[in-house]
Structure formats: structure tokens, C-alpha cells
Novice: 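Input: one structure, supplied below.
Residue numbers begin at 1 in each chain, while the letters A, B, ... track the order of the sequences. Small disclaimer: the values here were computed from a predicted structure and weren't measured.
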There are 2 protein chains.
Amino acid sequence: MNPAPPSNRIVARYLIETAHPLEQAAAHMAGEQSSGTFVAIPGETDELKQRFGAQIIDIEECGEASVAALPGSKQPASAPLKQAKVTLSFPLENTGHSLFALFAQVAGNLFELSPFSGLKLLDLDIPDELAKAHPGPQFGVEGTRKLANVYDRPLIGTIVKPSVGLAPADTAALVKQLLAAGIDFIKDDELIANPPYSPIKDRVAAVMPVINDHAEKTGKKAMYAFNISDEPEAMIRHHDTVLAGGGTCVMTNMIPVGLSGLSYLRKRSQLPIHGHRAGWGMLSRHPLLGMSYLAFQKFFRLVGVDHLHVNGLRNKFCEPDDSVLASAKTCLAPMAGRHAVMPVFSSGQSALQAPDTYQRLGSVDLMYLAGGGIMAHPDGPAAGMASLKQSWEAAIKGISLEEYSKTHDELAKALQKYAKPK
Amino acid sequence: MNPAPPSNRIVARYLIETAHPLEQAAAHMAGEQSSGTFVAIPGETDELKQRFGAQIIDIEECGEASVAALPGSKQPASAPLKQAKVTLSFPLENTGHSLFALFAQVAGNLFELSPFSGLKLLDLDIPDELAKAHPGPQFGVEGTRKLANVYDRPLIGTIVKPSVGLAPADTAALVKQLLAAGIDFIKDDELIANPPYSPIKDRVAAVMPVINDHAEKTGKKAMYAFNISDEPEAMIRHHDTVLAGGGTCVMTNMIPVGLSGLSYLRKRSQLPIHGHRAGWGMLSRHPLLGMSYLAFQKFFRLVGVDHLHVNGLRNKFCEPDDSVLASAKTCLAPMAGRHAVMPVFSSGQSALQAPDTYQRLGSVDLMYLAGGGIMAHPDGPAAGMASLKQSWEAAIKGISLEEYSKTHDELAKALQKYAKPK
């Protein structure tokens, strides 16, 4: 056990691979990312090093490697490649409250440092003082539930497909079908923003009346996340269009938009911000490069995103279930007393994954997005939607899907349709 | 030879690794990133696929692998892992002029697609119509030279070190020393933005009078890049502070700030924007994951960054020289008739690398940043600065450093100091 770091330090945990002595490698990381240099420099006094230097909190060796994970390192060929978890702490004073300096500190040049053939940021502890200098999510789980009027189960939703090419009227027609099926949430694809074939203002003008009409008739208003990713002022313009149309959610592609643009949106937004992580694979796919979602989500959460994509169990991408669950749990974990962020499960989801998603996450505070899981149900979208609700009812009641399907026809047909051939 | 794609299509080149048939794998990429899906969907007509679908332009097999480069893929274990270059084209209509949709299209979810154990974006051709919808660099090489009044050789510069901890008065004292040495360019470290120990306004207030005084006395005004990375309006505030103080450059950490925030700055900036790429290693370090600088720089260049970091030859990081040169050349290559971006060489640079930098780049349009290469010269910073100028004179004249050092003492001492022991 290591003592808890003082509250005015940022703590960053890494997985590294190096053939250098671990202490020396960790000292190199600490030095490069704070006041140290390896050539003595005038002005770099001991006092300054003491006050601003990063500290090594822990080094835990966790394996050896026979082949370097990444090329380009400068390491002794004679020594074995070791993998280790390294924990560093940085004085809050170094970055102040700047997320831009913090990012450069914990996830900047150090991925290129030559003593390492692997380096990944695993997690980050951010002192409350820094966290509280940023707005955090305005709606989070609670605010989103209130707007969607869905409680005690996940918000069940879908993504408009085809990803690109639908004219606003086509999107509206699809939305109408989804509303009739009882959908809670619909989102734009990350590939669509404000293209000539479906400008946001036309998309809002076509889609929102359909949603508003349905809400008037049924009392149920589905949440639609319009992808407003753009330059700062354009995002506000799009946001205002969505708001004026009666919309209840906006979406951004977090990585290209970036922390700065998102902060601008957050400070003016009156709607929840749905965070899509397109490009995330670049940062996450390699086990010894990039950063974990545990660290990544903290940056975007401080800036104020309300929903965060996490993939789903048995998704069609490459992410293993354990990683999906760790990401979702970290979204729901408290941070500086602010709203929890709603994790968004998607990719290859159907009635089948509800029980283990619920069991392993221990919460119904999530969005559960399905495409084929709704639209490809043998009895149509309404039956697909019903099958998802039923599978979550079964999960929450602790009844097996097989058992529950005996009295729930839509679920029974979904199990037949989506079950993998044995 | 493939025919040139029509001018209204975006062309993206990838390196992939897969055990699936290459045609099938490429079709999967094309489908996922445009209108295709692998489950037939109502609304996805042939006409829509024709108009919005990505096309495979070329597939070039280039090797086999015995071990998967990345974990998590779903591939036939029985088939060999092949590597190939795949070229796709996308209709401009899909994204319109949005860099946020473009990023999601060419560098979004596809890194997570399960048929691939490796996928890297190698390069991107952007139609002029899209490029011209964005401002591009305001100053570029020419405008930067004019402000720094340095012609016919690289701008020679340095980074304020220690990276963190210097109070404004200490930074100013260091700047004074560097000005006396005849420096052209000085920049903040990427780790310093607006911290309590050196708020930007105090740093500008301390540094700029020193630079202005020196300029009045000598006629030479060094360019100082203040790191103003922040939320959009704060960046403008910092920019205005720098401008009011007589400063001639601002700097941002491009990745955390993002394209949106940078576009806000560019449209209001009256100064060149120095682009630091802290975090770049995450995207670049693995040969089969992420994106090349050839693609990356296009996004930030369209948004309007004027200077872009590229590492240097024989740098202290992991990047090989060929990659550094390819990055620098792409910065100098024309794009949509706009200013060329100034590549910034740094990391372990001294008098030693000038000849091959010049020979291999074929240009003097660059910044050449040295730390120890200036400050650690045996006869002090002025001699260090002189040695760098002399090494570039020799390079440009085609005289060997050894020969030139016979009549240039500062260079002779630099060669002695920085040469690696044989």
C-alpha cells in the first residue's frame, strides 16, 4: 500500500516497457514531464526541482517481454525487456487549472521518450481543486433521465442508419418509425455533421416536428442527439437551432473538436452533450501505447460532456468486455461531487447482452443502443424495441432470458434471431 | 498507375494488416466509413450507395506478418496475415466542408474494426474545394520570416528550460541572455500555459520589454512563442495580451486544444500560430496504428497553424530521420495555393545536424531549435548561437563542417563538444 498522495498533486499511472533499470526509466519520465532535464541547466536549482519536480510514487514490475512492443527505442540490447506499472505525482502548481497543460504533462511528449518500447497512461487522479475549476456535466445521468422521462431502466436507443446519405425527410421518416416503436433515444451517426445533403437546420426542421407531434400525442418525447460538431460559434448556432426546435440533446465528435471547443459549447449549452469518441481506437487499441478510457474520459468529463460512448459487451469491434465495463464503471464513478456521466453501450447490441451488462455493471444508468437489434427483429422495430425492454426487465428481476421469453413473445423471437448458432 | 481521382473526392491511403481476403477487408473499411452496412437496411438503396459510398481505388499487398500487430481482431486463424496499402475515395458530399466529419470519416471508428490487426492512415488528399473553405496559415514561412526579419537561413531558436517552475522574472533574465547571444526565436515549453507561478500576463509583462528593448537597441526583434493553449475566449485574451506587449507569436498544444478551438483562434489572430504536437507519439509511434504526420498536419494546417513541430534529425526521441524529413517536406509542400507551413526541427539538435538537414530537406525554410546546442557551448550561449549559424552557412555553401571549422572557432568548439565519441 502506498500512502494517499496529498490533495494538491496529480497522480498518473502508466504501464511501461523498458530494458533500462526501472528506477532510472521512471526518473526519466518524471524529469521530462516536469522540471528535470538530464543536462544540468542554469536556473534549475535544487529548490526549483523540489517544488516543481514530479515524484515517483510506485514502481511495480509486472512482466517481461521477448520482443519490443514498439519500434524506435534506444535500450540496452543485453538487458531483458521489463514491463512495469509506474505511478508518478505532479504538483498541481505546475499546470494550475489548465487541462491543456495537464494533457501535455501526463500524455504529451513522453510517448516518444527513447528509453521506452511501450508506454501507456492507465489512469489519472485529479485533485478536487482542479476538477472544481471546470464545469463538469450539466445534466449527467439524472438530468438526462429527466429530459427523456425514462427511469429504473436504461435508455434504449439507436443510431440513424445508413450512416450517410439520408435526406432530412428520409431521416424524419425513419424517426417516425422508431417513435412508433417506442424508442427513448436516437442519435446521428458520427459521420454526419452539417453536410450539403442534410444541413443541421434542415435536419432539425424535418425531425423535430415528428418528435414533438409524437410527444403531444403520447406524452413520450424521445431524445435525439444532433451531431453539431463544428467551430465554436457554429456549434452554438446549431445548438440554438436544436433548442428552438424543441430538441433535447446535442452531440459532438470529441477528439477532433477538442477540449477547447467543447468548453465553449458547454458554457453556453442548455442541452446534454453526447460525446462520441470517433478516433478513440488510435489511442486505445495497443496495450502499450496511448491512454486508457479511465484517463481519457476525465478530460472530457471535466469540460462537461454528459454521455460517453464505451462500446458494448460482445461488440463488433476489437474491445474486450473487461475494458468496456471498466470504461462504463468509471463514467458512473463520482468525480469531485459532480454528476455521473451516462455510459453509452453500442455496437452489435441486442436483447442478448442485457443480463450480463446489468450483472457486471451493477447499474441501469446507461444508454443501450441497438441497430439491427431493433430494426432487424422478425416482427419489426416495435417488436425489436419491446424485446430490448423485456430483456432488461428480465435482467433487473434476475430471471433468465429463456425463462422470461416463455411469456414474452418479442423476446422469444429476438433470442431466436440474434443467438449465435452453436 | 491509378487514374487521378476526380476533384470532388477525398482520397485516403491506409496501411492495413488482416487475414481476411484483401478485397473483402477493404470493402469493409469503405462500407463502415460511408453508406454501407453489412446488414441490409431499409433506406439504403443502390442509388444511395452509388452516390455516397466510398470506393476502393487500389489495394497493394506489401508483406506478410507472423504475429498480429494489434490484439482484439477477429480473423481466420488459418489464413496468413497480410499487410497491404489500401486507397479509398470518399465523395466530398458526405462530409461537406466539415473537418469534424472528415476526421470521423478517415480517422474514426475504423481503427477498431475487427477484421484488422493493424490499420494506419498514411496520407490524405483533400480537394481544393474543401481546403479553400478553411483559412489556412495566415503567415506561414513568408510571414514568419518577415516578422522575425531572418532570410536565407533557418530561424535559429530555443525552448525556455527548465520546462516548468521559472518565475516571469527568471524567464525574462534567460531571454535577455539569449537575445545577447543573437537568438531569432524562443518558445515556451508545452508544459507551461497559464500556471500560477507564471501567468501569461505576467510572463508577457516580464519578457516583452526585454525583447522590445533589445530590438530598439539592435534592430533585431526575436520572436517569442507564448503558449496560450486555453479555452477559446481565454486564448483570444492571451493573444491580445501578447499583441499589446509587442509580441509576434502565439503557441498552442494542438491535440488537447483541438481543431474547433484552433479555428476560433485563427479567425481572430493577428500573430503566427506555433503548433506544438504534444501527445503526437500516441498517434504515430506504432507502424500499424494511428495516423502519419502527412495526414495529421493537413487538418491543423487547414485550420490555420503556421509552424508545425517535426522533431529533428538524430533526435533524442524514437522517430527515425526518414519520418522527420517526410513530415518536414509535407509542411513545405503547397496545399490549395496557401502559405507553406514552417517545419520546426528540435530535440537534440546542435551544429552537427545542419548539413544533412539542409541536404535532405533541400530548403532553409525551417526553424532549428537547440537547447544544449546553444546553452552548453563551452564558450557560452553567444558562441553556441554563432556555431549554429556557422554550421548552416557551411551547409548552404556546401563546405564540410570540418573544413569550415578551420576558420570558425565557435563551430570548431561545437564539433568537439557535441560530436559523439567514436
Novice: Of the listed residues (S263(B), A193(B), S284(B), G371(B)), which shares the most heavy-atom pairs with chain A below a 4.5 Å separation?
Specialist: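 Sorted descending by pairs with chain A, the first entry is S263(B).
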Novice: Salt bridge check: are E233(B) and K267(A) linked by an N-O gap of less than 4.0 Å?
Specialist: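 No, this pair does not count.
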Novice: Name the option with the most non-hydrogen atom pairs under 4.5 Å to chain A; the candidates are K74(B), H276(B), R277(B), M254(B).
Specialist: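 Greatest number of close heavy-atom pairs with chain A: K74(B).
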Novice: For the candidates A104(B), G108(B), A101(B), G165(B), which exhibits the highest count of non-hydrogen atom pairs separated by less than 4.5 Å from chain A?
Specialist: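 Maximum pair count with chain A is reached by G165(B).
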Novice: Heavy-atom distances under 4.5 Å only: say whether P320(A) touches chain B with side chain, backbone, both or neither.
Specialist: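 For P320(A), no heavy atom lies under 4.5 Å from chain B.
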Novice: Drop me the distance from F111(B)'s CZ to C318(A)'s SG, to the nearest 0.5 angstrom.
Specialist: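 With rounding to 0.5 Å, CZ (F111(B)) is 12.5 Å from SG (C318(A)).
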Novice: As an exercise: rank L265(B), L102(B), L191(B) by heavy-atom pairs under 4.5 Å with chain A and give me the winner.
Specialist: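 Of the options given, most contacts go to L191(B).
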Novice: Find the one option among P71(A), S117(A), S73(A), S198(A) whose heavy-atom pairs under 4.5 Å with chain B are most numerous.
Specialist: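 Highest number of heavy-atom pairs under 4.5 Å: P71(A).
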Novice: Could you give the distance from OG (S163(A)) to CD (E32(B)), rounded to the nearest 0.5 Å?
Specialist: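 Rounded to the nearest 0.5 Å, the OG-CD separation comes out at 7.0 Å.
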Novice: Is the closest side-chain heavy-atom distance between N94(B) and I192(A) below 4.5 Å?
Specialist: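 No; the side chains remain at least 4.5 Å from each other.
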Novice: Please determine, among R285(A), E190(A), E93(A), the option with the most heavy-atom pairs under 4.5 Å with chain B.
Specialist: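 If we count pairs closer than 4.5 Å to chain B, R285(A) comes out on top.
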Novice: Supply the atom-to-atom distance N253(A) CG to L99(B) CG, rounded to the nearest 0.5 angstrom.
Specialist: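 So the CG of N253(A) and the CG of L99(B) are separated by 12.0 Å.
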Novice: What heavy-atom pair brings H286(B) and L70(A) nearest, and what distance separates the two atoms?
Specialist: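 Smallest interatomic distance, heavy atoms only, reads CD2-CD2, 3.6 Å.
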Novice: What residue pairs, at least two apart or across chains, pass side-chain hydrogen bond (donor to acceptor under 3.5 Å, both in side chains) with a residue in residues 95-107 of chain B?
Specialist: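 Sorted pair list: H97(B)-E129(B).
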Novice: If I measure from the heavy atoms of chain B, does R51(A) come under 4.5 Å with its side chain, its backbone, both, or neither?
Specialist: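 Just the side chain, heavy atoms under 4.5 Å.
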Novice: Pick one of side chain, backbone, both or neither for N311(B), based on which atoms fall under 4.5 Å of a heavy atom in chain A.
Specialist: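 For N311(B), side-chain heavy atoms alone lie under 4.5 Å from chain A.
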Novice: Could you pull out all residues at least two apart from D46(B) that satisfy side chain to side chain donor-acceptor pair (under 3.5 Å)?
Specialist: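 With neighbours one apart ignored, the set is empty.
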Novice: Which of the residues P196(B), S229(B), P232(B), G72(B) is involved in the greatest number of heavy-atom pairs with chain A at under 4.5 angstrom?
Specialist: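 That would be P232(B).
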Novice: Taking every heavy-atom pair that is under 4.5 Å apart, which of S347(A), S114(A), P115(A) has the most such pairs with chain B?
Specialist: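 Heavy-atom pair counts peak at S114(A).
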Novice: Rounded at 0.5 Å granularity, tell me how far CD in E231(B) sits from NE2 in H134(A).
Specialist: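 That separation rounds to 7.0 Å.
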Novice: Which atom pair, heavy atoms only, marks the closest approach of G281(B) to L289(A)?
Specialist: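 That closest heavy-atom pairing would be O-CD1, 3.8 Å.
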Novice: Heavy-atom cut-off 4.5 Å, strictly under: side chain, backbone, both or neither for A173(A) against chain B?
Specialist: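 Nothing of A173(A), per the 4.5 Å heavy-atom cut-off to chain B.
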Novice: Roughly how far, to the nearest 0.5 Å, is CD1 of I255(B) from CG of L259(A)?
Specialist: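 Going from CG on L259(A) over to CD1 on I255(B), the span is 11.0 Å.
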Novice: Rounded to the nearest 0.5 Å, what separates atom CG in N194(A) from atom CZ in F100(B)?
Specialist: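 N194(A) CG to F100(B) CZ: 11.5 Å, rounded to 0.5 Å.
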Novice: Would you name the heavy atoms of D230(A) and S260(B) that are closest together and state the gap between them?
Specialist: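 D230(A) and S260(B) have their closest heavy atoms at O-OG, 2.8 Å.
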Novice: Heavy-atom count check: over 12 atoms from other residues, nucleotides or ligands less than 6.0 Å from K417(B) NZ?
Specialist: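 Not more than 12 within 6.0 Å, no.
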Novice: For the residue pair N315(B) / E112(A), report whether a side-chain donor-acceptor contact shorter than 3.5 Å exists.
Specialist: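 Judged by distance alone, the side chains do not pair up.
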Novice: Specify which of G96(B), G261(B), P256(B) makes the most heavy-atom pairs with chain A at under 4.5 Å.
Specialist: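 Heavy-atom pairs under 4.5 Å are most numerous for P256(B).
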Novice: If you take all heavy atoms of V164(B) and S34(A), which pair is closest and at what distance?
Specialist: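 Looking at all heavy atoms of both residues, the closest pair is CG2-C, 3.5 Å.
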Novice: Using heavy-atom distances under 4.5 Å, tell me whether A234(B) contacts chain A through its side chain, its backbone, both, or neither.
Specialist: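 The answer is neither part of A234(B).
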